[in-house]
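Right, one structure below, let's go through it.
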There are 2 protein chains.
Amino acid sequence: MAEAPSRPESRYGTRPTMKDVAARAQVGLKTVSRVVNGEPGVTADTVQRVQEAIAALGFRRNDSARLLRKGRTASIGLVLEDLADPFYGPMSRAVEETARAHGTLLIHGSSAALPERERELVLALCARRVDGLIVVPAGDDHRYLEPEMAAGLATVFVDRPPGRIDADAVLTANFAGARAGVAHLIAHGHRRIAFVGDRPGIHTAAERLRGYHAAMAEAGLAVDASWVALGPTGPDRVGPAVRALLEGPDPVTALFTANNRITVTAVRVLAGRGLPVALVGFDDFELADVVSPAVTVVAQDAAELGRAAARLLFGRLEGTARAPERLELPTRLIVRGSGETPPS
Amino acid sequence: MAEAPSRPESRYGTRPTMKDVAARAQVGLKTVSRVVNGEPGVTADTVQRVQEAIAALGFRRNDSARLLRKGRTASIGLVLEDLADPFYGPMSRAVEETARAHGTLLIHGSSAALPERERELVLALCARRVDGLIVVPAGDDHRYLEPEMAAGLATVFVDRPPGRIDADAVLTANFAGARAGVAHLIAHGHRRIAFVGDRPGIHTAAERLRGYHAAMAEAGLAVDASWVALGPTGPDRVGPAVRALLEGPDPVTALFTANNRITVTAVRVLAGRGLPVALVGFDDFELADVVSPAVTVVAQDAAELGRAAARLLFGRLEGTARAPERLELPTRLIVRGSGETPPS
DNA sequence: CTCAGAATTGACAACGTTGTCCAGGGCCTA
DNA sequence: TAGGCCCTGGACAACGTTGTCAATTCTGAG
């Protein structure tokens, strides 16, 4: 009876291993390892023999095995809501850039804003033993990460704070930014200002709404409940909501739209109407300067959000333990025209 | 002398292993493995003991080790130019979605359009033994992948064909799309039509240019060399180039812009001028319908590009060997106004 | 020519998991 | 009660690499 070696069916045919190289070069396994890693203590002659064998066999070191032995994976995980959202592009890019500088690969996952999927993805990444994790939270309870972090997993939350655990976080000054944006509208004479925002369960949405209320209160303006429209950010909801705000018996004269998707839908609706309505949006977006009127926005720096998070993460990976840190990045009001339209 | 075990400094503290769980549950190592993987042949009693130990220690299976043993990594690599480019967002998203459906993680890398970096990234992914690879090529010589593919690495190229090797590819009908776009301008009475494009070394750019020439030739129109402006797609180059086309003694009456970045810059330039100039752009972009006039575009479906590539990749991973395939996805002319402006 | 010391090399275990296979115990049947 | 079978559980090797350490060879000085 022939013996049946326990080689499981492999994805990648049969790739040569160091053992194969060693056999071919008539050399010990460890010597091959030394050559591959450029370690000293191998004669030029041996190096050449090994390198010839490597070339002949088309050997490439298996980093998965290597990193298992080394006890780290040289990879970090990034979990966000949706890669297709233009807000996350520059953020991912910045994280990736920093990772690259640290010789680290980036594993990517989109939660589609579903807490369950966020959890699933994060735990899958933990199982892979990523060295660190950057998360844009979808859920509001991250206690499931406690054992992982206790075991040494570095984690940084971005854009929204972690829920029910203490951890590093990099946030935008949502409250202050929204307040400034609304105050800008007030300064240009508006009194009846609507707030079109995301579901209030989302931290950023709640903070921006708080900023709106603060600005109104500071100006001594009462807020009519009908001026605040919260809900999903798809055009299906936002389009009708904006139209309703403008078509009532006593319409608002200005809109504060609380994120880029909402702003873009509002711009579409406004473009289809004659009357000029003032508009300030949270988040900058491409072509904000080209539509007419150009859109005044409270801009946040998505790339800097990613860079800061990555910096924090690698700091934690390289340094010693320290207390969780919370960074808040300022926003920038970009005046372009739509926010300076006087009330009609 | 105390013995010094060869435990390398680990990234993640000391996480419990199956061995630890086995010790605590007073059970063999393999039994723990069976419980963790839900394999049959373990009494309910033993299962419970093991599960208690798992919970008590906060054990989580190390998938890196698992996959090393299994001979696959359940991950695929995606290398593209720049995650921050809005064109790649939907594409990545589609790839990720498909990967998710196959229980596979996505490792991401941006080449920044540098062939050297593409190679570096791709080879790093090969060293990790990703099961498959989706590449938007930056370079034009991919022979370095030959040994990898011979060893069984599934590879699919997207958006641009591979260079000097034979492999799966999913492309857009660049030639046909550009020809249709330019023909559209010709049908609306234009004779002096400029082409503003990317560096001609890039396959998509060359194909679109070829489409432009074909449409002009089919209409019996001669092309003045000064109408063709090729180069980097940054605003620094494109802005002046567009202005030059419109300000000569004998200016063009229409522009065909060969990708989204160029189109957006052109829109900016045109927005700053009185004269209406016809414009058709390759690639759709957000707010193309809102700027004025709304921009007529030759749209390609980035998400479908990603989906098709992922489908091809997983087909290859699951199926038997087959000859490399080349898919070409059609474009769609979206008429919005800017392309129907008559010549002035 | 001999021997110390340095340089080179390789055998072996370990990283954390899974596949193979065998041992032991319980149960049923004859 | 003996024999056979099934069920459960565990020992061991293997995945492909690196760390440790001992064995071997080489060098040069005395």
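Order of the sequence lines fixes the chain letters, A, B, ..., with proteins taken first and strands second; residue numbering starts at 1 for each chain.
- For K70(B) and dG16(C), the NZ to P distance is 19 Å, given to the nearest whole Å.
- For the pair L29(B) CG and dG19(C) P, the interatomic distance rounds to 13 Å; values are reported in whole Å.
- Checked by atom type, the side-chain pair R128(B)/N62(A) shows no donor-acceptor distance below 3.5 Å.
- Checked against dG19(D), dG10(D), dC15(C), the side chain of K30(B) finds its nearest nucleotide in dG10(D).
- Comparing atom distances between the A65(B) side chain and each of dT18(D), dG16(D), dT17(C) picks out dT17(C) as nearest.
- Sorted by first and then second residue, the ring pair (Phe, Tyr, Trp, His ring centres under 6.0 Å) pairs involving residues 95-123 of chain B (not counting sequence neighbours) are H108(A)-H108(B), H102(B)-F314(B).
- Side-chain N/O atoms of R69(B) and base N/O atoms of dT18(C) include a donor-acceptor pair closer than 3.5 Å.
- Between L80(B) and S111(B), every side-chain heavy-atom pair lies at or beyond the 4.5 Å cut-off.
- Two residues are said to be in side-chain contact when any heavy atoms from C-beta on lie closer than 4.5 Å; L313(B) and D131(B) fail this criterion.
- Under the 4.0 Å criterion applied to side-chain N and carboxylate O atoms, R117(B) and E97(A) are assigned as salt-bridge partners.
- As judged by a 4.0 angstrom heavy-atom cut-off over every strand, D63(B) is placed among residues making no nucleic acid contact.
- A donor-acceptor pair is defined here as one N or O able to donate and one able to accept, closer than 3.5 Å; no such pair exists between the side chain of H142(B) and the backbone of P162(B).
- When the side-chain nitrogen and oxygen atoms of N62(B) are compared with OP1 and OP2 of dC15(C), none of them lie within a distance under 4.0 Å.
- For the pair L68(B) CG and dT17(D) P, the interatomic distance rounds to 9 Å; values are reported in whole Å.
- At whole-Å resolution of the value, CG in L67(A) and P in dA14(C) are 21 Å apart.
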Give each protein N/O atom lying under 3.5 Å from an N/O atom of nucleotides 5-9 of chain D, with the pair distance.
{"from": "dG9(D)", "atom 1": "OP1", "to": "T43(B)", "atom 2": "OG1", "distance (Å)": "3.0"}
{"from": "dG9(D)", "atom 1": "OP1", "to": "T46(B)", "atom 2": "OG1", "distance (Å)": "2.2"}
{"from": "dG9(D)", "atom 1": "OP2", "to": "T43(B)", "atom 2": "N", "distance (Å)": "3.1"}
{"from": "dG9(D)", "atom 1": "N7", "to": "R34(B)", "atom 2": "NH2", "distance (Å)": "3.2"}

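- Under 4.0 angstrom from either OP1 or OP2 of dC15(C) there lies no side-chain N or O belonging to R72(A).
- Picking from dT17(C), dG10(D), dT18(D) the nucleotide with the shortest atom distance to the side chain of S33(A) gives dT18(D).
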